[in-house]
Asks: 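Structure incoming, see below.
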Amino acid sequence: MPLGAVRPSPLVEQAAARLREQITGGHWPVGIKLPGETTLAKELGVGRSTVREALRALAGAGLVQPRQGAGVFVLATEPVEDWPTRLRRAAVTDVYEVRLAVEVHAARLAARRRTHDDITALRAALEGRRAASTADDAAFVDADIAFHASVVAAARNPVLADLFTEFTPVLREGLIELLTLTGLRAHDPNTADDAHEALVRAVEDGDAEAAAEVLRGELEDPFAPVGKPE
């Protein structure tokens with residue numbers, strides 16, 4: 001099956017797309033060696049440097065693997081999804097279970113490692129959440145997530161912070177939907193404020209187990225705005 005020449009610009013993206021189609025379509029099965037750069041360049045109607053960049057992109061996606069002195073071989077017929085892509089496709093309940101594990105441990109660490117600046121940030125985030133109680137559900141969820149992000153930040157663990165940041169978009173969407181469906185804030189616009197205040201106090205007091213238990217109880221409550229969606 002001929003590859004067909006690509007149109008001008010963006011050449012690398014087009015070349016990579018054409019090569020990917022050949023691989024995912026089974027024209028080049030796993031384990032086979034791809035034609036050389038010169039051959040591919042001629043079929044695609046591009047320069048060798050463009051082919052080289054396209055192959056580099058496919059290697060980054062886990063589809064091909066260059067072998068020194070041997071050529072480029074097909075490694076897989078489906079690209080490897082990066083972490084953010086997988087999270088965007090994940091069910092909010094699955095993300096929430098990860099959130100529970102991450103945040104409870106983060107609360108424990110925050111109580112042990114918090115600084116004066118961390119406490120100041122926590123208090124400010126709590127006030128921001130309270131101020132958002134008069135706003136719509138989206139704004140309230142944003143303020144709530146900002147508060148929880150400040151707890152994670154106080155844990156002083158960049159890996160935990162990165163994990164929380166990665167799943168925040170999926171979490172935000174799920175929480176807004178939950179509030180819309182339940183109408184929970186109609187009777188209590190600043191729902192679960194007591195729990196958030198208790199969490200700040202536990203972190204401030206350096207009580208790691210109390211901080212972890214307060215947050216666990218909050219996140220496991222299906223009726224709180226940050227409760228697990230069913």
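Every value quoted in this text rests on a predicted model; they were computed, and no experiment measured them.
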Asks: Please name all residues satisfying side chain to side chain donor-acceptor pair (under 3.5 Å) with Asp118, sequence neighbours left out, ordered by chain then number.
Replies: Thr115, Arg156
Asks: I want to check something: taking the side chain as every heavy atom from C-beta on, are Leu160 and Leu109 in contact at a cut-off of under 4.5 Å?
Replies: yes
Asks: For residues 204-212, run the donor-acceptor check on the side chains, cut-off 3.5 Å, and write out each pair with its distance to 0.1 Å, sequence neighbours left out.
Replies:
{"residue": "Glu204", "atom": "OE1", "partner": "Arg123", "partner atom": "NH2", "Å": "3.1"}
{"residue": "Asp207", "atom": "OD1", "partner": "Ala210", "partner atom": "N", "Å": "3.1"}
{"residue": "Glu209", "atom": "OE2", "partner": "Arg108", "partner atom": "NE", "Å": "3.2"}

Asks: For a side-chain contact (heavy atoms from CB on, under 4.5 Å) check, start with the C-alpha distance between Asp137 and Leu178, then their side-chain angles and the critical distance, and finish with the verdict.
Replies: CA-CA 10 Å; Asp137 288 344; Leu178 176 66; over 6 Å; no
Asks: Looking at every heavy atom in both Val214 and Ala195, which two are closest together, and how far apart are they?
Replies: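 Reported closest heavy-atom pair: CG1-O, 3.4 Å.
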Asks: Run the side-chain donor-acceptor check on residues 56-76: report pairs under 3.5 Å with partners two or more places apart or on a different chain.
Replies:
{"residue": "Arg56", "atom": "NH1", "partner": "Glu53", "partner atom": "OE1", "Å": "3.1"}
{"residue": "Arg56", "atom": "NH1", "partner": "Glu53", "partner atom": "OE2", "Å": "2.4"}

Asks: Can you tell me how far the CZ atom of Arg99 sits from the CG atom of Asp94, to the nearest 0.5 Å?
Replies: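 Nearest 0.5 Å value for the CZ-CG distance: 15.0 Å.
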Asks: List the residues meeting side chain to side chain contact (heavy atoms under 4.5 Å, CB included) with Ala139, not counting sequence neighbours, and say none if there are none.
Replies: Ala135, Asp136
Asks: Evaluate the side-chain proximity of Thr77 to Trp28: yes if any heavy-atom separation is below 4.5 Å, no if none is.
Replies: no
Asks: What residues form a side chain to side chain contact (heavy atoms under 4.5 Å, CB included) with Thr24, not counting sequence neighbours?
Replies: Arg20
Asks: Could you tell me which residues satisfy side chain to side chain contact (heavy atoms under 4.5 Å, CB included) with Ala132, sequence neighbours excluded, listed by chain and number?
Replies: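 Phe140, Ala143.
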Asks: On a heavy-atom basis, which atom in Ala54 and which in Leu19 lie closest, and how many Å separate them?
Replies: CB-CD1, 4.1 Å
Asks: With distance as the sole test, does Thr191 use its side chain to make a donor-acceptor pair with the main-chain N or O of Asp188 at under 3.5 Å?
Replies: no
Asks: For the residue pair Phe147 and Leu126, what are the closest heavy atoms and their distance?
Replies: CD1-N, 3.7 Å
Asks: Tell me whether Leu44 is reachable from Val12 by hopping between hydrophobic residues (I, L, V, M, F, W, Y) whose side-chain heavy atoms are closer than 4.5 Å.
Replies: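 No, it is not one cluster - the side chains of Val12 and Leu44 are not joined through contacts under 4.5 Å.
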Asks: According to side chain to side chain donor-acceptor pair (under 3.5 Å), who are the partners of Asp142, at least two apart in sequence or on a separate chain?
Replies: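 If we apply the side chain to side chain donor-acceptor pair (under 3.5 Å) test to Asp142, skipping adjacent residues, the hits are Arg172.
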Asks: Is there a side-chain contact between Leu122 and Val203 in this structure, where contact means two heavy atoms from C-beta onward sitting under 4.5 Å apart?
Replies: yes
Asks: Which atoms form the tightest heavy-atom contact between Ala111 and Ala202, and what is the distance?
Replies: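 Reported closest heavy-atom pair: CB-O, 4.2 Å.
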Asks: Just by modelled atom types, is the Ala161 backbone N or O under 3.5 Å from a matching donor or acceptor in the Thr165 side chain?
Replies: yes
Asks: Looking at Val141 and Leu179, what are the two nearest heavy atoms and their distance?
Replies: CG2-CD1, 3.6 Å
Asks: Could you tell me the separation between the CG atom of Asp144 and the OG atom of Ser133, rounded to the nearest 0.5 Å?
Replies: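 Rounded to the nearest 0.5 Å, the CG-OG separation comes out at 12.0 Å.
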Asks: Roughly how far apart are Leu199 CG and Arg216 CZ, rounded to 0.5 Å?
Replies: 13.0 Å
Asks: When you measure from the side chain of Thr39 to the backbone of Pro35, do you find a donor-acceptor pair of N or O atoms at a distance under 3.5 Å?
Replies: no
Asks: Considering residues at least two apart in sequence or located in another chain, which fulfil the salt bridge (charged side-chain N to carboxylate O under 4.0 Å, His left out) criterion with Glu37?
Replies: Arg48, Arg52
Asks: Taking the side chain as every heavy atom from C-beta outward, state whether Glu218 and His196 have any pair of such atoms under 4.5 Å apart.
Replies: yes
Asks: Just verifying a value: how many Å separate Glu43 CD and Thr38 OG1, rounded to the nearest 0.5 Å?
Replies: 11.5 Å
Asks: Which is it for Arg113 and Asn157 under the side-chain contact (heavy atoms from CB on, under 4.5 Å) test, yes or no, and what are the steps along the way?
Replies: CA-CA 10 Å; Arg113 300 174 177 175; Asn157 184 313; 4.3 Å; yes
Asks: Taking side chain to side chain donor-acceptor pair (under 3.5 Å) as the definition, give me every residue that meets it alongside Asp193, ordered by chain and number, with sequence neighbours left out.
Replies: Arg130, Asn190
Asks: Evaluate side-chain contact (heavy atoms from CB on, under 4.5 Å) for Leu219 paired with Glu103, printing each intermediate quantity in order.
Replies: CA-CA 9 Å; Leu219 296 183; Glu103 287 202 55; 4.1 Å; yes
Asks: Applying side chain to side chain contact (heavy atoms under 4.5 Å, CB included), can you list everything that pairs with Thr168, at least two apart in sequence or on another chain?
Replies: Ile145, Phe164
